[in-house]
Amino acid sequence: MSKRVAEALFPNIKMTYQEAEALYPPRDLPEGAVCTRFAPSPTGFMHIGGLYTALLNSIFTRSRGGVFFLRIEDTDQKRQIENGVTEIINALDEFQIHFDEGAIGETEDSGRYGPYRQSLRKEIYQTFAKYLVEIDRAYPCFCTSDELEAIREKQEAAEALQKGYYGEWAACRNLDEETVLKRIANGDRWIVRLRSGGRLGVSRVYHDMIRGDISMQENILDAVIIKGDGLPTYHFAHVVDDHLMRTTDVIRADEWIASIPLHVEMFEMLDFPVPRYTHLSPIMKNEAKEDGEGISRRKLSKRKDPEARVGYYDEAGYPIPAVLDYLLTIGSADYEPWREENMDASIFDFSLDLSKSGAAGALFDFDKLNNVAKKRVGHMSEEQIFASVSAWAGRYDAKLNSFIEHNADIFRKSITVWHERRLDVAKWSDLMELYPYMYDPAFTVDAALPDAFLPHKERIPEILGDYLETFDYDDDSNEWFNKVKEVAVRHNYCVKMGAYKKRPEDYNGSIADLSSFIRYALTGTTNTPDLHGIIHVIGKDAAVSRVEAFRSKLANR
RNA sequence: GGCCCGGUGGUCAAGCGGCUAAGACACCGCCCUUUCACGGCGGUAACACGGGUUCGAUUCCCGUCCGGGUCACCA
């Protein structure tokens with residue numbers, strides 16, 4: 001009955017349902033293997049939430065075996081940005097997320113289930129849209145946005161239980177064929193809508209791997225499937241693509257939960273098997289409420305939150321595996337214990353059970369990220385660190401880069417100093433922040449004394465003078481510290497911490513106090529790696545002149 | 001507003017009818033100590049609220065509250 005309408009709508013579509021189907025045969029996957037995808041829109045820089053979704057898809061697929069592909073959802077031409085696809089591919093590649101099939105460049109694809117960008121699949125979507133019109137499960141709609149608005153207003157006024165384009169409200173749903181044909185011939189603008197068979201008020205149970213059974217009303221909306229530009233909406237493209245590309249598991253953000261009934265209805269209308277759905281909780285952030293007191297959580301936002309951009313982590317110099325570790329720590333409660341046991345294993349060897357992923361959105365926690373990153377850095381070899389820092393500094397830190405270029409050996413030595421038995425560094429931008437006294441040629445210590453030094457103030461110049469007197473750059477660590485101890489004894493600073501704690505009143509202070517004077521003179525701070533090591537990074541001249549400068553500043557006040 | 005999802009310490013998060021309610025991060029303290037750290041040990045701190053069901057509820061049911069999502073020719 002609607003064959004004529006279908007033909008009028010899509011005169012150029014010659015392919016049939018069966019022919020399209022035959023183009024994409026079922027995959028020959030081993031028992032238990034899966035097929036998954038990551039399907040971003042090239043509308044801007046990569047979002048951390050997108051990376052998270054991609055990562056979980058990837059690890060899930062690796063642990064089950066199967067195929068993981070990259071599909072570009074570029075059906076909204078207004079929102080496209082230049083080089084959007086490249087942006088996505090580079091970001092994913094940088095984070096070690098690799099695909100078996102899909103887009104591999106701005107215009108190139110790899111794999112036999114393509115094209116993997118939706119803008120190139122117009123004919124395929126239209127083939128199935130045409131089919132739905134033929135079997136009367138879809139129809140053209142001529143409503144303008146003004147008319148749509150008018151319907152909405154009427155629904156408001158009538159206090160309709162459900163708003164939207166459906167049933168009686170769907171003005172174009174029951175136009176007679178002659179009218180439709182005439183309007184098409186007349187050149188009236190049209191789109192294609194689903195003729196939903198769902199019933200208002202009738203619920204049905206849908207399944208999600210994380211949330212389990214979800215009871216929702218059947219879809220009743222006559223959703224748009226083909227837009228005015230001939231391209232499909234997300235919903236329709238999802239159904240057609242994930243069927244033809246033989247996706248077994250759709251793992252996506254939880255904002256799609258509400259669309260499950262629509263998607264399932266379309267799968268069923270087209271006689272496609274429904275894939276398993278897994279909806280991932282978003283990464284959240286706390287925010288002060290705009291109107292008054294309290295805080296609320298919201299999703300990490302591209303616009304407001306710098307940490308939402310994956311580029312942020314790269315710029316800050318977080319090692320890639322650290323970011324991945326953190327993301328998976330959020331993604332699966334099983335991950336941390338596993339990582340503890342398998343510190344050197346690839347993250348992709350983790351066996352991910354998605355049903356154990358949390359249903360509530362996790363708050364992004366920088367403390368935790370930094371902790372995870374520090375452990376990661378702690379496990380990197382110094383060679384790896386050298387390579388990673390060099391590459392990073394080359395891109396983001398001219399000062400540090402210049403230091404490395406001119407003092408590669410010293411820089412290597414310095415890595416040992418802060419890396420061995422320490423967990424201070426989470427990201428490469430910490431280096432200049434934490435250790436300007438090693439890496440900044442212009443470094444000087446200002447003479448403002450820490451409060452803790454005040455009781456010792458009068459003695460410090462003399463102590464430093466004595467220290468300098470016996471200082472020998474060629475001393476090894478033991479010799480050097482023994483001399484420090486000698487100075488300590490001479491000034492009645494206790495060299496055994498245990499003894500000092502028992503009778504502090506017997507001494508001017510402890511070796512800890514005295515060491516911190518030297519430490520501060522050298523570095524301007526009281527928390528640093530091993531001093532002997534630092535001395536041999538900054539060199540003999542600086543090791544002497546800084547102490548001398550600090551001493552004379554104090555003495556001359 | 002309708003519908004859906006969620007709500008265990010500051011954060012992440014085990015728990016799946018009976019526990020002194022794990023663990024990690026952060027914080028604090030102690031120990032170790034050749035300083036700084038690392039490490040070890042310990043501590044503060046939680047089942048949103050109200051009803052049920054049950055011999056017994058963090059766990060099951062209902063309601064309330066709070067948070068999030070969704071109701072587009074955007075994805």
Side-chain angles (χ1 to χ4, degrees), chain A residues 39-41 43 73-76 78-79 118 141 143-145 148 156 159-165 189-193 203 206 208 210-211 214-217 221 223-235 237-238 252-261 279 281-282 284 286 294-299 326 329-330 332-334 336-337 340 356 358-372 378 418 420-424 477-478 480-482 484-485 488 495-498 510-519 523 525-534:
Chain A
S41 294
T43 53
E73 311 230 319
D74 54 354
T75 55
D76 184 356
K78 294 183 289 290
R79 297 205 310 163
Q118 296 180 327
C141 168
C143 291
T144 62
S145 53
L148 258 18
E156 298 277 350
E159 291 178 9
L161 272 168
Q162 170 143 5
K163 298 172 181 56
Y165 205 86
R189 306 265 311 155
W190 52 263
I191 54 153
V192 181
R193 286 182 185 273
S203 289
Y206 301 89
D208 175 86
I210 291 178
R211 278 153 246 257
I214 306 174
S215 173
M216 284 185 274
Q217 179 181 273
L221 264 21
V224 176
I225 61 174
I226 298 291
K227 300 185 287 185
D229 59 6
L231 285 168
T233 54
Y234 166 83
H235 306 290
H238 152 55
R252 44 131 72 161
D254 74 349
E255 67 206 57
W256 296 111
I257 289 181
S259 311
I260 296 177
H279 290 90
S281 310
M284 316 284 286
N286 267 337
I295 48 175
S296 66
R297 354 181 106 189
R298 58 169 171 75
K299 285 208 292 192
Y326 175 65
T329 299
I330 291 179
S332 167
D334 293 340
E336 263 197 287
E340 198 113 334
K356 289 200 176 164
L363 220 45
F364 192 93
D365 183 354
F366 265 107
D367 281 334
K368 185 72 180 180
L369 198 218
N370 285 331
N371 176 265
V372 167
W418 55 255
E420 249 180 18
R421 278 174 278 113
R422 305 204 131 237
L423 295 172
D424 297 334
S477 185
N478 274 328
W480 175 82
F481 200 77
N482 281 333
V484 172
K485 283 202 276 192
V495 296
K496 298 296 291 180
M497 289 307 289
S510 73
I511 184 77
D513 296 319
L514 191 135
S515 299
S516 65
F517 306 152
I518 303 170
R519 183 185 311 282
T523 67
T525 170
T526 54
N527 178 345
T528 78
D530 178 69
L531 276 179
H532 183 79
I534 290 173

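Every chain is numbered from 1, with letters handed out A, B, ... down the list of sequences.
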Exercise for review: Mind checking the OG1-CG spacing from A:Thr329 to A:Asp365? Nearest 0.5 Å is all I need.
Suggested key: 10.5 Å
Review point. Expressed in whole Å, how much space separates the C1' atoms belonging to B:rA48 and B:rU58?
Key: 12 Å
Exercise for review: Look at the side chain of A:Lys485 and the backbone N and O of A:Ile511, then say whether any donor-acceptor pair between them is shorter than 3.5 Å.
Suggested key: no
Review point. Between A:His279 and A:Arg211, is any side-chain donor less than 3.5 angstrom from a side-chain acceptor?
Key: no
Review point. Counting only N and O atoms by type, is there a donor-acceptor contact under 3.5 Å from the side chain of A:Ser203 to the main-chain atoms of A:Ser215?
Key: no
Point to revise | nucleotides 69-75 of chain B: protein proximity per nucleotide (B base, S sugar-phosphate only, - neither; heavy atom, under 4.0 Å) | key: SS-SBBB
Review point. Considering only the P atoms, how many Å lie between B:rG52 and B:rG2, rounded to the nearest integer?
Key: 27 Å
Revision key, fill the gap. Contacts of A:Lys356 meeting salt bridge (charged side-chain N to carboxylate O under 4.0 Å, His left out) (sequence neighbours excluded), chain-then-number -> A:Asp334
Review point. Does B:rC25 have OP1 or OP2 sitting under 4.0 Å from an N or O in the side chain of A:Asn370?
Key: no
**Study point:** Check ion pair A:Glu336-A:Lys368 (N to O, under 4.0 angstrom)
**Key:** yes
Practice item. Carefully, step by step, assess A:Tyr326 and A:Phe366 under the rule ring-ring contact (aromatic ring centres under 6.0 Å, His included). Key: CA-CA 10 Å; A:Tyr326 175 65; A:Phe366 265 107; 8.3 Å; no
Point to revise | Whole-Å C1' distance, B:rU54 and B:rG9 | key: 29 Å
Practice item. For nucleotides B:rA46 and B:rU8, find the distance between their C1' atoms and express it as a whole number of Å. Key: 6 Å
Check your understanding: To the nearest angstrom, how far is A:Asp424 atom CG from B:rG39 atom P?
Key -> 11 Å
Check your understanding: P atom, B:rC28 versus B:rC16: distance in rounded Å?
Key -> 34 Å
Point to revise | Distance in angstrom units between A:Met284 CE and B:rG67 P, rounded | key: 11 Å
Check your understanding: Looking only at atom types and distance, does a side-chain atom of A:Asp254 sit under 3.5 Å from a main-chain N or O of A:Ser281, one as donor and one as acceptor?
Key -> no
Exercise for review: Could you list the residues that satisfy side chain to side chain contact (heavy atoms under 4.5 Å, CB included) with A:Asp424, not counting sequence neighbours?
Suggested key: A:Arg422, A:Leu434, A:Tyr435
Practice item. Dot-bracket notation for RNA chain B is requested: 5' to 3', Watson-Crick or G-U wobble pairs only, both distances under 3.5 Å, with ( ), [ ], | and . as defined. Key: ((((((((.[[[..)..(....]]].(((((.......)))))....[[[[[..)....]]]]])))))))....
Study note, to complete from the structure: When A:Arg211 and A:Ala512 are each assigned the nearest nucleotide of RNA chain B, the 5'-most assignment goes to A:Arg211
Review point. Heavy atoms under 4.0 Å, any strand shown: does A:Asn371 hit a base, just sugar-phosphate, or nothing?
Key: sugar-phosphate
Exercise for review: May I ask you to decide if A:Thr525's main-chain N or O and A:Thr523's side chain share a donor-acceptor pair within less than 3.5 Å?
Suggested key: yes
Review point. P atom, B:rA24 versus B:rC38: distance in rounded Å?
Key: 16 Å
Practice item. Applying side chain to side chain contact (heavy atoms under 4.5 Å, CB included), name anything that partners A:Ile191, two or more places apart in sequence or on another chain. Key: A:Cys141, A:Arg193, A:Val224
Exercise for review: Could you measure between the two P atoms, the one in B:rG67 and the one in B:rA37, and give it in whole Å?
Suggested key: 42 Å
Revision key, fill the gap. With sugar-phosphate taken as primed atoms, P, OP1 and OP2 and all else as base, the protein-contact string of nucleotides 8-15 of chain B at under 4.0 Å (heavy atoms; B, S, -) is ---BSSS-
Check your understanding: Considering only the P atoms, how many Å lie between B:rG43 and B:rG7, rounded to the nearest integer?
Key -> 29 Å
Check your understanding: Side chains of A:Arg519 and A:Thr528: is there a donor and an acceptor less than 3.5 Å apart?
Key -> yes
Exercise for review: Would you mind reading off the distance between A:Asp334 atom CG and B:rG23 atom P, rounded to a whole angstrom?
Suggested key: 17 Å
